[in-house]
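Let me begin by presenting the structure, written as structure tokens, before commenting on it.
Convention: sequence-line order gives letters A, B, ...; per-chain numbering from 1.
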Number of protein chains: 4
Amino acid sequence: MKAPPPTRPALRARYDARQQGVVDAAARLFAQQGYGATSMADLVEATGLTAGGLYHYIDSKEQLLIRICDELLEPLLERVEHVVADETQAPDDQLRALVYAWVAHVEGHLDHMVVFQQERRVIEAEEQWRRVRRSRKRFERLLDGVLARCEAAGLLGTVDRSLTLRALLGMVNHTAQWYRPGGRLDTSAIADGFCDLILR
Amino acid sequence: MKAPPPTRPALRARYDARQQGVVDAAARLFAQQGYGATSMADLVEATGLTAGGLYHYIDSKEQLLIRICDELLEPLLERVEHVVADETQAPDDQLRALVYAWVAHVEGHLDHMVVFQQERRVIEAEEQWRRVRRSRKRFERLLDGVLARCEAAGLLGTVDRSLTLRALLGMVNHTAQWYRPGGRLDTSAIADGFCDLILR
Amino acid sequence: MKAPPPTRPALRARYDARQQGVVDAAARLFAQQGYGATSMADLVEATGLTAGGLYHYIDSKEQLLIRICDELLEPLLERVEHVVADETQAPDDQLRALVYAWVAHVEGHLDHMVVFQQERRVIEAEEQWRRVRRSRKRFERLLDGVLARCEAAGLLGTVDRSLTLRALLGMVNHTAQWYRPGGRLDTSAIADGFCDLILR
Amino acid sequence: MKAPPPTRPALRARYDARQQGVVDAAARLFAQQGYGATSMADLVEATGLTAGGLYHYIDSKEQLLIRICDELLEPLLERVEHVVADETQAPDDQLRALVYAWVAHVEGHLDHMVVFQQERRVIEAEEQWRRVRRSRKRFERLLDGVLARCEAAGLLGTVDRSLTLRALLGMVNHTAQWYRPGGRLDTSAIADGFCDLILR
DNA sequence: TATGAATGAGCCTTCATTCAT
DNA sequence: CATGAATGAAGGCTCATTCAT
């Protein structure tokens, strides 16, 4: 992330750990107060670093935001690619597996997810967000592919597939706004519930 | 909104029109660039007013945000109250009527809706947002009431009702992110599609 | 210079006067301490404005530097164009007229000139300095034209013309480093002295 | 320069070589980007040393600047003293020898020279620059002495001697701004050309 | 010697808002 | 009603230098 991270393994490990700490603290603050409303001073306070020291671990406030989005999308995309790659699975099982992975990922990255949604605007608009944008689009394409297979197998309801896709995106992403760990509904209940709405 | 608006009717009409112009410009800018990233200078440019002149029509930047949310929620709530009040309608018809009104309202206030979602955070957190918060909660309660009647009538699927509620909130609110007027899906298609997913 | 200066004449005059005050103060400070070593806080102190108020009159620190260079080069160029345009004058008279105008201009803009020389580097390097760069080049081309006419008339010494040009540029520009008003040598003495060195 | 350089000859040689490398890199960077605009980080990158390592070879950024000026002035002064010491030479030959040595020195230290001119301001102003200032003044006095002998021998033109001195300083120093090795004019051509302008 | 993390003051600039005219 | 100048705190970020390892 920042120009040259240390090369010696021991130092490198510490560096990485602290950098991750900064990113996590940022995700939390951005989620709670908003990206724009969070000052680097807030981050200084939250991390215990000093104003200048912070910049050993990051390039800029915006890079931090990009990193948060990457940490959200990249591993999710990887898991989803993996699920989709297994062609022996029935389409509806594949959808359930995918939605489960997705909901689980959202629940495990609530802060990241809230930030991602809140800052959607800047992500869609500007140049340096291309990779993030591409990940999001790839994810949607994979999801649509699975829905298409379900549709072909007669497993979807009567609702237009692209509308179904958007409905699904809306309901899962919205999860980050209300889900609290330890609540009445666990990951499976949520994921299966959503799939039940979609599948015939 | 701002201290004393004129009392003579002719002046008053002009005043109101200009004030509405400011609010609409603000909604557009906030939706496009974010509330925090929009400066009053942007607003000055967009409205053609001067820095000082702007403040004849508004109290503060934040009041503008509150007003945008009110303009979104209040008329929606009114329509929904009206729909719900008709106890002769079948529960599923009521749900369809409600969702139609809701989707139509979102489509008619894309900017307002995007702003409302984007600034969710500040709405939930602070004192002066109580009225907005109450409106949102009342809306959800009304919606849940209709769903309960559907459930009682055996019209819902097997999915937990509170999860269904949240799914519906997610999908409809998300509409503002992708809906473009003149697209393939019109209001009815969207509203009915969503209901089809929910209802048995 | 700054986005929209006022349009009403009375205000406009005051605005322009204060803006000029800022530019002059900047020229003095930049000349004394260097552009890089002068902080906006220094400028605030020198102008009596406040940190924010300063920015009513300027766009940025760098624009201030550009403006200083423009104020130096543009009027000089105009005078020189005028001198060169008179084709009835003998070449050596033209050279003397030109050098006199030039020396007088340097003496009247010591601060500007010192700044221009000191920041030569950034002027030559970056994009937004094209106009300044073009002015400088145009000036040198005009000067060379006059020298060429002198040479053709056999009025120059034996020294290579392009070297003569550079020598002249060096000696006149250097004047800003030592000239103090009221010194032993006045404008005419300096300008004529330089010409005497150049001409046969 | 920095606290204790090594005393064992082998180490000392390596130390000196690296220190010289740092000074040369600094001269290049300062000349290209300006002293103020060059950060120690730039220097770290240019030298391949680390932030801390750099400080084994230097005391401070400013000492680096002083050293660059010393490296420029001291050897020049030594050569010039030597030229001036030979009282058997004719005044004009002496002037030619001096200017030749001077031009050659400038050409051999373009970076140093550019830096010296650019940072003139700080050199003249501050305490710790006394030695540099004294060298510059001594150089000018020696030069003026030779001009005086030329004048006494009737070899100068009609131009005031102190103006001639300043003109010469201007033209030779300015050489650093345009001279590029391998150009049409070599050291002799330049030095002789300048002298031809000065001498009758 | 060499490392790279850390410091914290200072940089330029923007901001929402007010008020004399 | 309208203007635009003014405020001054706060914004994100950079810097030369130091020091424990």
Side-chain angles (χ1 to χ4, degrees), chain A residues 2-8 10-12 14-15 18 36-44 48-62 64, chain B residues 2 4-6 11 14-15 18 36-44 49-64, chain C residues 2-8 10-12 14-15 18 36-44 48-62 64, chain D residues 2 4 6 11 14-15 18 36-44 49-62 64:
Chain A
K2 182 60 207 295
T7 39
R8 272 182 314 175
L11 290 182
R12 175 65 195 240
R14 194 183 60 175
Y15 179 92
R18 295 208 193 168
T38 302
S39 70
M40 295 310 278
D42 293 337
L43 215 44
V44 160
L49 294 170
T50 55
L54 202 51
Y55 281 84
H56 276 278
Y57 300 104
I58 63 167
D59 273 337
S60 68
K61 200 187 172 193
E62 193 178 24
L64 218 31
Chain B
K2 176 59 204 285
L11 292 180
R14 194 183 65 174
Y15 180 92
R18 292 206 195 169
T38 302
S39 69
M40 296 309 277
D42 293 338
L43 217 45
V44 161
L49 295 169
T50 57
L54 196 55
Y55 278 85
H56 283 279
Y57 300 103
I58 64 167
D59 274 336
S60 70
K61 199 185 173 193
E62 193 177 25
Q63 283 297 324
L64 217 32
Chain C
K2 179 62 205 298
T7 40
R8 273 182 315 176
L11 290 182
R12 176 65 196 240
R14 194 183 58 175
Y15 180 91
R18 294 209 195 167
T38 302
S39 71
M40 293 312 276
D42 293 338
L43 215 43
V44 160
L49 294 170
T50 57
L54 201 51
Y55 280 85
H56 276 278
Y57 301 103
I58 62 167
D59 273 335
S60 67
K61 199 187 173 193
E62 193 180 23
L64 217 33
Chain D
K2 178 59 206 281
L11 291 181
R14 194 184 64 175
Y15 179 92
R18 293 205 193 168
T38 301
S39 70
M40 295 310 276
D42 292 338
L43 217 44
V44 161
L49 295 170
T50 57
L54 196 54
Y55 278 84
H56 282 280
Y57 300 103
I58 64 168
D59 273 335
S60 70
K61 199 185 172 194
E62 194 177 23
L64 217 32

- request: Check side chain to side chain donor-acceptor pair (under 3.5 Å) between C/R14 and all other residues, then give those that pass, not counting sequence neighbours.
  value: none
- request: Could you check how far NZ of C/K61 sits from C1' of E/dG10, rounded to whole Å?
  value: 12 Å
task: Mind calculating the distance between CZ (C/R12) and P (E/dT21) to the nearest angstrom?
output: 22 Å
Protein-nucleotides 1-3 of chain E N/O pairs closer than 3.5 Å?
{"residue": "E/dA2", "atom": "OP1", "partner": "D/R18", "partner atom": "NH1", "Å": "3.0"}
{"residue": "E/dA2", "atom": "OP2", "partner": "D/Y57", "partner atom": "OH", "Å": "3.1"}
{"residue": "E/dA2", "atom": "N7", "partner": "D/H56", "partner atom": "NE2", "Å": "3.2"}
{"residue": "E/dT3", "atom": "OP2", "partner": "D/T50", "partner atom": "OG1", "Å": "2.9"}

- line: Considering only heavy side-chain atoms of A/Y55, the closest of E/dT14, F/dG12, E/dT17 is F/dG12
message: Only Watson-Crick and G-U wobble pairs with both distances less than 3.5 Å should count. Give DNA chain E in dot-bracket notation, marking inter-strand partners with |.
response: .||||||||||||||||||||
task: Taking all non-hydrogen atoms of both residues into account, name the closest pair between B/T38 and B/K61 and its distance.
output: O-NZ, 2.8 Å
- prompt: How would you list, by chain and number, every residue that makes a side-chain contact (heavy atoms from CB on, under 4.5 Å) with D/S39, sequence neighbours excluded?
  reply: D/A41, D/D42
message: Does anything in residues 36-43 of chain D come within less than 4.0 Å of DNA chain E? Heavy atoms only, and list the residues if so.
response: none
- request: Check the distance between E/dT18's C1' and B/I58's CD1 and give it to me in whole angstrom.
  value: 13 Å
task: Would you kindly give the CD-to-C1' distance between D/E62 and F/dC15, to the nearest whole Å?
output: 15 Å
message: Using side-chain heavy atoms (C-beta onward) and a distance below 4.5 Å, is C/Y55 in contact with C/I58?
response: yes
query: Once you round to the nearest 0.5 Å, how far does NE2 of A/H56 lie from OG1 of A/T50?
result: 8.0 Å
- prompt: Under the side chain to side chain donor-acceptor pair (under 3.5 Å) test, which residues partner A/R18, sequence neighbours left out?
  reply: none
